[in-house]
Structure formats: structure tokens, C-alpha cells
Amino acid sequence: MLDIQLLRSDLNAVADRLASRGYTLDTDAFASLEGERKALQTRMQELQARRNATSKQIGEAKRKGDDVSAIMAEVANLGDELKAAEIAFETVQARLDAWLLTIPNLPHESVPVGDDEGGNVEVRRVGVPRSFDFEVRDHVDVGAPLGLDFETGAKLSGARFTVLRGPIAQLHRALAQFMLNTHTLKHGYTEMYTPYIVNDSALYGTGQLPKFAEDMFKVTRGGDEGTVDQYLISTSEITLTNTVRESVLKAAELPIKLTAHSPCFRSEAGSYGRDTRGMIRQHQFDKVEMVQVVHPDRSFEALEDMVGHAEAILKALELPYRVVTLCTGDMGFGATKTYDLEVWLPAQNTYREISSCSNMGDFQARRMMARFKDEDGKNRYVHTLNGSGLAVGRTLVAVLENYQNADGSVTVPTALRPYLGGLEVLGA
RNA sequence: GGAGGUGUGGCCGAGUGGUUUAAGGCACUGGUCUUGAAAACCAGCGACGGUUUGCGCCGUCCGUGAGUUCGAAUCUCACCACCUCCGCCA
């Protein structure tokens, strides 16, 4: 959520910055809504002040035993008038709030301007794609004999669900454990275990709602519908970030660095034709997530750190990748700046997203009322960051494709062997 | 699932319709005193919004939301969370 003060004081500048990410701010609508709000709020508060003063008079008069019928008559209509004024104000305020929740964040000045992914800027490449002396197979063909089972997944749950069996399930689990261990032991994150079902208020906090409901899975209780809407998490960013919702942290508590391994559920509405083969795009996938809650002066440093933490996993697994700065037009809703990590997939002969690290600035903090007490004792919004470290399913895909052998076996990356009892090769 | 109970500022806690403008205490901050510290004493000390160049002024907030009333922390209803006991359960 943007600071409404910024819209009031500098509407055109905000509109220009939003235009760079392809969002058209309706400045006329804001000006008229805001004008209404101001008038209605002033009127409501005046009536409230009158009611308070009059009620006080009545109380005093009654205590003295005076006749209060004159005053009572004077305020006979005040109640109705006030009620009407309150409703009018609340209606406009609700419209203003609802509208504010749909406005994306302002891009940071260091973000390249562009319309779509074509405008993204490569920052660096790390590792050299391996050359194969046999015909490269994709992860579906490599994985099938090792226990990658799409048919059973489809039988159980439909398209975009997958069953992992035996060695490939173990490899998947080893990847997640390796990631968690790295982030907790080497990068200073606190390991968390959090709910997979959340109330809608958490989703407003991190920005999935109100705009992206169609990407979520909504759940209902058996028997009766709950009073609040609940959803399966699409990322543990939601739960990790919302741990600081509605709190005032001490400056000394910052930065807070959290990590969790969780399943993620995405409906993938609107992407029916894309990545239908394999486990690149699933309704359910595992991810190890990193979240940082930091002092506002240090969030861009923290973003660089976090990208390094995600890169450390790819480096340790010796997977070739590149780092890309997303341009204004390709960034997510709440981000001020985003780096994507793209891993080399030899069968696709291209780099594919495996991590996305974003500095959300105070965008989520303002929605969540997540603050800290600064050096002067004032409450200020924290900044929040999140990044995948990494998407486990896609990492599995990358390992299968990059480590495949001519005989159909897959070499286990050295870093993972301790998690698999020293196993060096899958299959063979 | 059944029965009972509880929700008040950072914390404890008083408050059952009207000077509550939320008592009192703890914690915290500043000051006096002291060689220094502690103690004691004095003072300050919530959040959010509106308005104002500023001092300030106004409004809202006692788990959440509705309602009754000229007036609600206090009365009514619903919901949420927590606690105790019973049942069930991985």
C-alpha cells in the first residue's frame, strides 16, 4: 500500500512512477474521492464533537438535579444526523481504502524501465553450461525411471500434480534439507514451521489480496463455512512476513531473518497452455523461503545479501545460472526492486527462473501495520524482503537435467551426498 | 463435541450508564539530590486518523463487529482468541 500522504502531496509524480511499470493511476478519481472524504470527515467529526459536548452538559445538569429537557430537545435530531454523516464518511473511506489496496508499489530508481521481460537486465552469469556428448533428455525422461510419476499425480489430484517415488523423492527431500541447513547455519536465518492455511487478513498484508484471489486455493471447513475466508498459502512468504503484523518491534530486534520449507499452492489460473510438460509449473510445489524484516535504511543492502544467499545454493550445487534485474514492467505487485535467479536447463537450452528476491520496501509493512521504534522513539514502518532459496521442485528439475549421464543415471551433486547416506549416483 | 471462565495501555490491575479527560502500581525517559550509583522525591510517558507553517485543536480506539442510549470500558447480540475440566483424537 502506498502512503496516502504521498498521493495527496505529489499525485502526478506518483502517477509518473507507476506509469513506468505499466499501471495507469486514475488521478481524477483520486482527487474527487479524496475531496469527498475530507468534507465528509470534517462534518462527521464536528457532529461528534457536538454530541460529546452536549452529553457532558446533560450529565452535569442531571447531577445537579437541573431540568434537562431543553438540552435533550436540542439534540433530538443529532443522533440521526450523526449516523447519516458517519455512514457517508465510512462509505467513501472504504472506497478509498479498497482502491489503495489495488495500487502496486513504486519501483526503485535503480530499476531499469521496460514494458515486459524483454526489458530485464542481466547482471551476471555464474558457471558454464556443461557440454553433453550424448543427446540431452529433459527432466521428464530422465526422472521417469527414477520415480518421477505424473500419471499417478494426475490420478490422485488432476493435472499439475506429481508423485515422487523412491530415490527421486529422497533427492527432493535432500535438496530442501540442504537449503535449510545452509540458510540457518551459514546465513543466520531462523528456521520456522508455519501454517499452510491462512486467514484472508494475512493475504491482504502481503498483497495477494484483494487483486490476486484467482491465483489462490480457497478452503472451507467440512460441515460449516467459517466466518473468515481461508486460503492455502501460495508461498511461505505469507506466513513468515505476517509474523510481524500489527507489532511494534524494538530497533535492536532488527534485522529479523526467517526461513521455512513449505509446500506452496497456486491455482495457475491463466497459464493453462504454459509449461504443461514436466514439473516446472505445478499446483503444489515445495519451496524454501527467506524473509527479512529490516530497518528502512538498510533494505537495499539486505536485498543484495539475500540474492547472495540464494546464489550460494546454486553455487554449492554447481548449477550454472544467471542473475537478472527485473525491469519496471516485469516486477511483481509489491516490489520496489527484484532480482531473479535463472538456472540453466540444458533440455530447454535456456535459463529458467528458480528464485526471485524482492525488496518490498514499506509496502507490506503499511498493509500489516508492522513498525519499529526508531532511535528517536518514533514508530516507523519496517521494510520487508522475501526471496526463494530456492524453489525445490525446479531445483530438482535442474539437477536431473544438468547431472544426467548417458546411461540414464544421475550423478548426485557433492553437496547433497551427506543427506543421502553418501550416495553418489541415482539409477545406474 | 460438552460444561464453565477470561479478554482494559509495554506489563500488572481498578473501573457495572454521566467531571473516566481510563485510578493505582511496575517498567521506561528526563530532572533534583549524590564524588558516582542506588534509594527517595518531582515531572513526563499509548496508538491511529483529521486539521494546522507551528504551538495546538478535534475525532476514534478498553478482543472484533453490530445494537440500545442524549451519553457505553460498563447494558444486549454475534463472532474471535485464550484458560480450566470432561469426551474424542495423530
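Below, read A as the first sequence line, B as the second, and so on, with proteins coming before strands; counting in each chain starts at 1. All heavy atoms count here, side chains included; hydrogens, waters and symmetry mates do not.
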Side chains of A/Asn242 and A/Thr239: is there a donor and an acceptor less than 3.5 Å apart? no
Can you check the distance between B/rA73 and B/rG67, where both ends of the measurement are the P atom (answer in whole Å)? 16 Å
Just checking, any donor-acceptor pair under 3.5 angstrom between side chains of A/Thr162 and A/Gln282? yes
Any strand counts, and the cut-off is 3.5 Å on both contacts for Watson-Crick or G-U wobble. Which nucleotide pairs with B/rG9? none
Are any of the side-chain nitrogens in A/Asp362 or A/Arg366 under 4.0 Å away from the carboxylate oxygens of its partner? yes
Using a cut-off of under 3.5 Å, enumerate the N/O to N/O pairs linking the protein to nucleotides 66-70 of chain B.
{"from": "B/rC70", "atom 1": "O2'", "to": "A/Ser55", "atom 2": "OG", "distance (Å)": "3.4"}

Could you check which nucleotide pairs with B/rC48 in any of the strands shown, counting Watson-Crick or G-U wobble with both distances under 3.5 Å? B/rG59
Any side-chain donor near an acceptor of the partner, A/His383 and A/Ser299, under 3.5 Å: yes
Tell me the interatomic distance from A/Asn379, atom CG, to B/rG10, atom P, rounded to whole angstroms. 10 Å
Measure the distance from CD on A/Gln230 to P on B/rC79 and round it to the nearest whole Å. 16 Å
Say we look at B/rG31 and B/rA39: how far apart would their C1' atoms be, to the nearest angstrom? 16 Å
So which protein N/O to nucleotides 74-77 of chain B N/O distances come out below 3.5 Å?
none

Give the rounded distance in Å between these two atoms: CD of A/Gln93 and P of B/rU60. 15 Å
Whole-angstrom distance between B/rG36 and B/rC28, as gauged at atom C1': 22 Å
B/rG46, OP1 or OP2 - any side-chain N/O from A/Arg371 closer than 4.0 Å? no
Can you tell me the distance, in whole Å, between the NZ atom of A/Lys373 and the C1' atom of B/rG46? 8 Å
How far does the P atom of B/rC26 sit from the matching atom of B/rG13, given to the nearest Å? 15 Å
Is A/Arg165 salt-bridged to A/Asp149, cutoff N-O under 4.0 Å? yes
B/rA3 - base-pair partner by Watson-Crick or wobble geometry, distances under 3.5 Å: B/rU84
Distance in angstrom units between A/Glu86 CD and B/rG59 P, rounded: 13 Å
Between A/His309 and A/Tyr189, does any side-chain donor sit less than 3.5 Å from a side-chain acceptor? yes
Ion pair present between A/Arg277 and A/Asp138, side-chain N to carboxylate O less than 4.0 angstrom? yes
Test: A/Arg43 and A/Glu46 ion pair at under 4.0 Å: no
Are A/Arg352 and A/Asp340 ion-paired here, with the side-chain N under 4.0 Å from a carboxylate O? no
For A/Thr235 and A/Glu237, indicate whether the former's side chain and the latter's backbone hold a donor-acceptor pair under 3.5 Å. yes
Separation between the P atoms of B/rU76 and B/rU6, rounded to whole Å: 13 Å
Rounded distance in Å - CG (A/Asn52) to P (B/rU21): 9 Å
Sidechain N-carboxylate O distance under 4.0 Å for A/Arg281, A/Glu268: yes
Both distances under 3.5 Å, Watson-Crick or G-U wobble: report the partner of B/rU64, or none. B/rA78
Mind checking the C1' distance from B/rA14 to B/rG65? Whole angstroms is fine. 27 Å
Is the closest side-chain heavy-atom distance between A/Thr190 and A/Thr184 below 4.5 Å? no
Measuring only the C1' atom in each nucleotide, how far is B/rU84 from B/rU29? A whole number of Å is fine. 41 Å
What's the spacing between A/Ile233 CD1 and A/Gln208 CD if we round to 0.5 Å? 10.0 Å
Could you give the distance separating B/rU64 and B/rU51 at their P atoms, to the nearest angstrom? 25 Å
If you assign A/Arg37 and A/Glu60 each to the RNA chain B nucleotide with the nearest heavy atom, which residue ends up on the more 5' nucleotide? A/Glu60
Using Watson-Crick or G-U wobble geometry with both distances below 3.5 Å, tell me the partner of B/rU16, or none. none
When A/Glu46 and A/Gln5 are each assigned the nearest nucleotide of RNA chain B, the 5'-most assignment goes to A/Gln5
Gap between atoms CE and P, on A/Met44 and B/rG50 respectively (whole Å): 11 Å
Pairs under 3.5 Å (N/O, protein and nucleotides 27-29 of chain B):
none

Whole-Å distance separating the CG atom of A/Leu40 from the P atom of B/rU51: 13 Å
Check every strand shown and say whether A/Arg43 touches a base, only sugar-phosphate, or nothing at a heavy-atom separation below 4.0 Å. nothing
State whether a side-chain donor-acceptor pair under 3.5 Å links A/Gln93 with A/Asp97. yes
